[in-house]
Amino acid sequence: MKTALIWDEKYSEHDIGKQKYVLSKELEMNSGLAFENPYRLNLVHELLEKTQLINKMVAYKPEFAREEDLLKVHTTEMVEKVKEASKNKVNIEVGEAAVSSPGAYEIALLSAGGAKKAIDVVFEEQDVKQSYALIRPPGHHATRTSPMGFCLFNNVAVAVEYAKEKFGMERVLVLDWDVHHGNGTQDIFYHDPSVLFISIHQYKNYPLEGGEIAETGENDGKGFNINIPLIPGCGDQEYIKVIDQIITPAVNAFKPQLIIISAGQDANLYDPLSRMMVTREGFRTMVTKVRELAAVHCADRLVIIQEGGYSLPYFPIATLGVIEGLLDENYPWQADIEKLLPYSGFKPVIDPILAEVKKAFPAIFKELKV
Ligand SMILES: [Zn+2]
């Protein structure tokens with residue numbers, strides 16, 4: 001089985017420069033480097049080269065998505081807004097915490113195109129069953145009508161619609177383990193029973209509203225939207241428990257033909273935009289478990305699409321864990337920096353949260369002991 005890596009140096013060209021914090025009407029502060037900066041993915045790519053894991057993958061370049069791909073999941077007004085903003089020579093805010101840089105529209109098309117490529121290769125390329133789209137800008141906060149939270153267009157949603165249309169997929173699972181709620185993807189598929197959307201997130205981190213257990217989908221989509229809002233401090237053990245107790249039964253009930261992971265590795269223990277504690281090893285184990293589900297239901301097909309991850313020193317290492325999980329590798333590390341931290345005695349209690357989630361989906365969990 002082969003694993004594809006989709007990547008293009010051009011992703012660096014979307015650069016919003018420095019970010020400012022508005023502390024009050026009178027006081028603005030320059031934060032220095034923007035959280036969502038080009039270094040993030042360049043460092044991931046460099047680490048894959050240095051560990052030589054990249055040599056065990058098959059490299060593909062993305063093509064630009066077409067405007068009609070975007071229009072399947074976004075309104076014309078939204079697409080036009082980003083396109084027009086990106087023609088300017090300065091950065092322009094196009095949504096809440098979403099900034100367009102000069103030329104950002106084309107790079108956003110290349111990002112969505114990378115997500116499409118990740119779908120193509122697992123269906124069309126000989127022996128390729130898994131793909132990792134190392135793309136930016138990210139997408140999961142972009143709603144049907146607006147860019148949001150560093151995201152211009154919803155890459156995962158574009159990929160889902162593409163897989164449905166081109167490869168006839170009737171049931172697609174989107175597992176969003178980015179530490180922030182995948183509000184945009186939820187919004188786009190909230191009425192759609194062909195997409196089971198599952199988001200594991202730190203409760204009320206970002207966005208400040210939503211991501212509640214009670215948001216289970218509407219109309220035909222009722223029962224196809226699972227939110228798992230976790231408390232701060234959750235690490236490898238808690239995330240694995242979520243996969244075992246919630247995700248595995250839900251996936252076995254839904255029987256997806258394709259699994260797509262909205263993979264933000266920003267639940268890592270050094271991330272500046274969250275308070276979780278997942279390590280490289282945790283991400284490796286999570287991928288291994290999802291691969292088992294893909295083997296049962298999807299003929300091994302597993303597509304991973306990059307979302308967040310903001311610790312420049314550790315995000316590449318956490319992402320290495322994801323790639324290791326795909327490749328059955330465990331790169332020998334000189335020092336496990338995670339293990340140097342004295343956090344082992346801290347155990348967040350998530351059982352009551354998981355019991356609430358199970359209660360919200362009686363059709364899936366009624367046979368199981370809550
Ligand atoms: Zn995130």
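Please read all numbers here as calculations on a predicted model, not as lab measurements. Numbering of ligands and ligand atoms starts at 1, following listing order.
- Between H181 and H201, the angle of the ring planes lies from 30° to 60°, which puts this pair in the tilted group.
- Ring pair H74/F153 is tilted by interplanar angle, where 30° to 60° counts as tilted.
- Side-chain atoms of N183 and H141 form a donor-acceptor pair, as typed in the model, at a separation below 3.5 Å.
- Using a 4.0 Å cut-off between charged side-chain N and carboxylate O, R284 and E281 make no salt bridge.
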Side-chain donor-acceptor contacts of residues 53-62 below 3.5 Å, not counting sequence neighbours, with atom names and distances?
residue, atom, partner, partner atom, Å
K56, NZ, E329, OE2, 3.0
Y60, OH, E125, OE1, 3.3
K61, NZ, E9, OE1, 2.8

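- Around the Zn ion (ligand 1), protein N, O or S atoms at less than 2.8 Å number 4.
- Between F167 and Y162, the two ring planes are perpendicular [angle over 60°; tilted spans 30° to 60°].
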